[in-house]
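In what follows, a single structure is set out as C-alpha cells and then discussed.
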There are 2 protein chains.
Amino acid sequence: MAKDVKDNSTEEKIKNAARRIFQQKGYAGTRTRDIAEEAGINLALLNYYFRSKERLFDLIMTESLEEFFRSLRSVFDDPNTDFEEKIRRMVENYIENLTANPNLPIFILSELRSHPEELIKKTGAKNVLLNSVFIQQLEEEIEAKRVKPIKPLHFMMNMLGMTVFPFIGSPMIKGMGNIDQPEFEKLMQERKTLIPVWIKVILTP
Amino acid sequence: MAKDVKDNSTEEKIKNAARRIFQQKGYAGTRTRDIAEEAGINLALLNYYFRSKERLFDLIMTESLEEFFRSLRSVFDDPNTDFEEKIRRMVENYIENLTANPNLPIFILSELRSHPEELIKKTGAKNVLLNSVFIQQLEEEIEAKRVKPIKPLHFMMNMLGMTVFPFIGSPMIKGMGNIDQPEFEKLMQERKTLIPVWIKVILTP
DNA sequence: TTTTATTTTAATCATTTGATTAAATAATTG
DNA sequence: CAATTATTTAATCAAATGATTAAAATAAAA
C-alpha cells in the first residue's frame, strides 16, 4: 500500500483527531469518545489501532516534541546563518507556527509538568541548546565584545518568553487589552520584526 | 466562632487541599478523592461543604484570579511610585510569588483557555491594564520622549513574557540547560534585577 | 469464485468517579 | 440535662469512560 494512501487511512484520521483534541483539552480532559467522534470512526477502532488512550497520547506527544525540537534545531544549527539572522529566523519561525497552532506550547508544557524527566529524555532536549551552533555563536559574539555578556539560559528565556508567552497567555492578553483574535494576530505579526530589534538592544554592549 | 479558628476548620482544610491539587493537575486531572485524601477528610465532606467538584473549583479559580489581579493592581495603581520603580516592583513581586507558587500561571492560563469570556469578566481584567496608573505613566514617558514609543500591549507581553514564561516553561528550561531546581531558582533571583535593566534599554529612545 | 485476512461495528464489561443517603457522633442551645 | 443542630462517616448509587469481544462487512488473495 502506498504511503500517501495510508496517510488518509483510518489510522491517520484517528491520529489527526487525537492531536487536535489532546492539544486542546490535555490528556485528562480528553475522552476517547471525543477522539472517535472527531475522527468519524467507531470507538473500538481507536483501541484496535493504538491499543489504548495512553499509547495514542504518548505517540502524539512524542511526535509533537520531536517536531518542536526538529524545527528548533533546523534554525539553531544552520551553519550558513549568522547570529542575528538566526534570531530573526527563530522568531519568525515560531510566530508563524504558533499562529497556526496556538495550543501547542501550553499542551507541551502542561503535560511536561506531569512527566518531566521521561519526556525530556525522549527528545534529547539536553543537547538542543547547549551544544547548538546558535549558542556557540552567542559566546563568540560575547568573546569579541560585540555583545554584552549574558548567560545563554537568560538569553533563551528572554527570546522564548517574548515570543511564546503571548500565545500561552492569549486569553488573558485579549482580555486585558480588550482586543479580538484578528487584532491579536496583527500584534503577533508586528512582533516578528519587533522582537529581534528588542533582543538586539538588550545585547548591545 | 473566631475567624482564626475557622481557618483551621475542615472547610479550610478542604479548600487548601483543593487549591494545591487543582493547581497541580488541573480541573480534569483532579479527582475529588485526591482532594479528600490530601485534606485528610471523608469524601462526602467535600460535597457537604462545597456541593460539587465544579463549585469548589470555581471558588478556587475565582480566588486565584482575584489574588492575581489584586497583587497586580497594588503595584500598577500605586500613585506613589514612578514608572521605573513600578517595573522593578512588579518584576520582583512576580518572581517572589511564582517561586513560592510555580504552578499558578499554567493553572490559570490552561483553564482560562477553556472558559475565556466567563473568567475574564469575573475579574474585571479588562480595566486592570488600560486604565492603570502604570500605563498612564508609560504614555506620559513616551509623550515626554523619555521612552521610545511602544504599544502598551507589546510592552506588557515583553515584561510578562520575560518574567512569567520561565516558570511556565521550567521543566523544559531545566532540561535544555541541564540544571536542577536550586540552580533554576538562583537564575530567577538574578532576573529580579536583570529584567528591569533589559526593559529599560528596550525603552531607551 | 471461494477462501482468507483485514477492517469495522454494535453490544457489553469493568472500573473509575462524582455524588447521595442514612446513620453515627459531636457540638450547641434552651 | 434533653433536645436540637451541625459535622462526619460508611455504604452505595448512577453516570461516565476506557477497553474488550464476537460478529458482520469489506477487501485481498488464491
Side-chain angles (χ1 to χ4, degrees), chain A residues 1-64 107 110-111 114-115 118, chain B residues 1-64 107 110-111 114-115 118:
Chain A
M1 191 186 289
K3 192 70 197 299
D4 48 3
V5 172
K6 190 165 184 84
D7 281 354
N8 261 342
S9 68
T10 305
E11 191 169 343
E12 209 60 27
K13 276 197 303 186
I14 297 174
K15 263 178 62 176
N16 289 332
R19 184 166 24 250
R20 280 193 294 275
I21 300 200
F22 277 138
Q23 288 188 1
Q24 191 194 326
K25 305 193 173 184
Y27 178 77
T30 295
R31 291 167 306 161
T32 51
R33 282 165 173 80
D34 294 339
I35 297 175
E37 191 187 5
E38 172 93 359
I41 52 109
N42 186 285
L43 169 59
L45 279 181
L46 188 151
N47 294 288
Y48 173 74
Y49 280 109
F50 298 97
R51 188 76 187 162
S52 74
K53 176 188 179 184
E54 199 180 345
R55 277 171 171 275
L56 176 55
F57 177 81
D58 283 349
L59 193 70
I60 298 295
M61 174 55 82
T62 302
E63 283 187 8
S64 297
F107 167 70
S110 291
E111 305 292 343
S114 327
H115 338 270
E118 176 204 346
Chain B
M1 191 185 291
K3 194 68 195 300
D4 48 2
V5 172
K6 190 164 183 82
D7 282 353
N8 262 342
S9 69
T10 304
E11 192 170 341
E12 208 60 25
K13 277 196 302 185
I14 297 174
K15 262 178 65 176
N16 289 330
R19 183 166 26 245
R20 280 193 295 276
I21 300 201
F22 277 138
Q23 289 188 1
Q24 191 194 324
K25 305 193 173 184
Y27 179 77
T30 295
R31 291 166 307 161
T32 52
R33 281 164 174 82
D34 294 339
I35 298 174
E37 190 187 5
E38 171 94 357
I41 52 106
N42 186 285
L43 170 59
L45 279 180
L46 189 151
N47 295 287
Y48 174 73
Y49 281 108
F50 298 98
R51 189 75 187 162
S52 74
K53 176 188 180 185
E54 199 179 347
R55 276 169 172 276
L56 177 54
F57 177 82
D58 284 348
L59 193 69
I60 298 295
M61 175 55 83
T62 302
E63 283 187 9
S64 296
F107 167 70
S110 291
E111 305 292 343
S114 328
H115 338 271
E118 175 203 348

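Side chains are part of it too, since the values below use all heavy atoms of this structure and drop only hydrogens, waters and symmetry mates.
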Practice problem: Look at the side-chain N and O atoms of B/Thr10 and state whether any lies under 4.0 Å from the OP1 or OP2 oxygen of D/dT8. | Solution: yes
Quiz prompt | Distance in angstrom units between B/Asn42 CG and C/dG18 C1', rounded | solution = 14 Å
Quiz item: Which one, C/dT20, C/dA10, D/dA19, comes nearest to the side chain of B/Arg51?
Solution: C/dT20
Self-check item: side-chain contact (heavy atoms from CB on, under 4.5 Å) between B/Phe50 and B/Glu11, intermediate numbers included
Solution: CA-CA 8 Å; B/Phe50 298 98; B/Glu11 192 170 341; 3.6 Å; yes
Quiz item: Looking at the side chain of A/Ala44, which of C/dA19, C/dT7, C/dA10 is the nearest nucleotide?
Solution: C/dA10
Quiz item: Just how far, in rounded Å, is C1' of D/dT8 from NZ of B/Lys13?
Solution: 11 Å
Quiz item: Taking OP1 and OP2 of C/dG18, is either one under 4.0 Å from a side-chain nitrogen or oxygen of B/Thr32?
Solution: yes
Quiz prompt | Heavy-atom side-chain contact between A/Lys15 and A/Glu63 under 4.5 Å | solution = yes
Quiz item: Quick one: the side chain of A/Arg31 and the base of D/dG18, do they pair up donor-acceptor inside 3.5 Å?
Solution: no
Quiz item: Which whole-number value in Å describes the distance from A/Tyr49 OH to D/dT20 C1'?
Solution: 17 Å
Exercise. Send over the distance from A/Arg33 CZ to D/dT20 C1', rounded to a whole Å.
Key: 12 Å
Quiz item: Once you round it to whole Å, what is the distance between C1' of C/dT16 and CD1 of B/Ile35?
Solution: 16 Å
Self-check item: Integer-rounded Å distance: D/dT21 P and A/Leu45 CG
Solution: 16 Å
Quiz prompt | Close side-chain approach of B/Phe22 and B/Ile35, heavy atoms under 4.5 Å | solution = yes
Self-check item: Test item: A/Asn42 and A/Tyr48 side chains (from C-beta on) under 4.5 Å apart, heavy atoms
Solution: no
Quiz item: Closest nucleotide of DNA chain C for B/Leu46 versus for A/Ile41: which of these residues is on the 5' side?
Solution: A/Ile41
Quiz item: When you measure from the side chain of B/Asn47, which nucleotide among D/dT12, C/dT20, D/dT9 comes out closest?
Solution: C/dT20
Self-check item: Cationic tip of B/Lys53 above B/Tyr27 ring, under 6.0 Å, 45° of axis
Solution: yes
Quiz item: Rounded to whole angstrom units, what separation is found between the CD1 atom of A/Ile21 and the P atom of D/dT17?
Solution: 13 Å
Quiz item: Within this structure, what is the NZ-to-P distance between A/Lys53 and C/dA14, rounded to whole angstrom?
Solution: 21 Å
Practice problem: Kindly say if A/Tyr48 contacts the phosphate of C/dT8, meaning a side-chain N or O under 4.0 Å from OP1 or OP2. | Solution: no
Quiz item: If you look at every strand shown and take non-hydrogen atoms under 4.0 Å, does B/Leu43 touch a base, only sugar-phosphate, or nothing?
Solution: base
